[in-house]
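Some notes on the structure that comes next.
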Amino acid sequence: LAGGYDLFKSPKSSPLCASDYLPIHFPMDSIRKLVKLEATKRTALREVDQDHFWNDLVNDTSLGAYFTRQAGVHAAASAFDPHSLDIFCATNTSIGDLNRLNLLNAYLPSATRKTLTVEDVVLSTRNSGPMFTTVCYQYNGQLALHFCMADDFATAKSLRHVADIFEEWTMAVI
């Protein structure tokens with residue numbers, strides 16, 4: 001690979017991991033039922049209705065719906081413009097349950113083999129633009145979430161704010 005794509009430290013480096021993408025579209029009517037905006041007071045109020053959240057807002061997660069979405073993604077792949085991610089946008093990625101992949105199971109803290117124990121795993125992403133990414137995965141029975149954004153577009157305080165809001169919403173819908 002030429003032109004900087006062959007060097008890990010290059011801004012154009014090839015990824016250690018590449019992933020497909022899936023556009024998620026939330027109907028605004030569903031969001032409006034959960035978040036009430038008051039323009040005069042400049043406030044937003046969360047009103048969580050469990051039935052509405054799980055039945056109206058959460059996308060169909062069936063295997064058939066997944067294949068339908070993926071067929072659309074692959075059909076549109078030739079027209080993808082990477083510069084479309086040069087604006088502030090939110091993305092989510094997940095490798096899923098690492099135990100089901102069976103890559104580190106021999107090294108789990110609960111494993112009988114004790115020459116090496118992998119207590120925790122950290123997965124992240126490298127963002128060079130304003131794209132905001134949530135990395136989600138499960139290891140050793142624990143769900144992990146990492147919020148990632150390029151230094152030029154976020155501070156530790158702003159990422160902490162995002163994490164706090166996420167925790168509030170999680171507690172509201174669980």
### Message
Test of understanding: clusters of I, L, V, M, F, W, Y form through side-chain heavy atoms closer than 4.5 Å, transitively. Do Leu108 and Leu143 belong to the same one?
### Response
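In one cluster: no.
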
### Query
Does Val162 share a hydrophobic cluster with Met171, counting links as ILVMFWY side-chain heavy atoms below 4.5 Å and allowing steps through other members?
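As far as the 4.5 Å side-chain criterion goes, Met171 and Val162 are not connected within one cluster.
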
Euclidean distance, [Y] [atom2] relative to [X] [atom1], rounded to 0.5 Å:
X	Y	atom1	atom2	value
His161	Thr155	NE2	OG1	10.5 Å
Asp29	Leu34	CG	CG	11.5 Å
Arg32	Leu37	CZ	CG	9.0 Å
Arg100	Asn105	CZ	CG	12.0 Å

### Message
Using a 3.5 Å distance criterion without hydrogens, assess whether the side chain of Asn140 forms a donor-acceptor pair with backbone atoms of Gln142.
### Response
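Here the side-chain-to-backbone pair does not exist.
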
### Query
Any donor and acceptor pair, going by atom type alone, linking the side chain of Gln50 with main-chain N or O of Ala172 inside 3.5 Å?
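The answer is yes, because a donor-acceptor pair under 3.5 Å joins these two groups.
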
### Task
For side-chain contact (heavy atoms from CB on, under 4.5 Å), just list the numbers for Thr117 and Tyr107, CA-CA rounded to whole Å, side-chain angles, deciding distance to a tenth of an Å, and then say yes or no.
CA-CA 5 Å; Thr117 299; Tyr107 308 104; 5.9 Å; no

### Task
Given side-chain contact (heavy atoms from CB on, under 4.5 Å), test Leu123 with Tyr139 step by step and report yes or no.
CA-CA 11 Å; Leu123 299 173; Tyr139 178 71; over 6 Å; no

#### Entry: Verdict with reasoning, Leu98 to Leu103, per side-chain contact (heavy atoms from CB on, under 4.5 Å)
CA-CA 7 Å; Leu98 295 177; Leu103 296 175; 5.6 Å; no

#### Entry: Lys/Arg-Asp/Glu bridge criterion (N-O < 4.0 Å) met for Arg160, Asp164
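Yes, this pair counts.
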
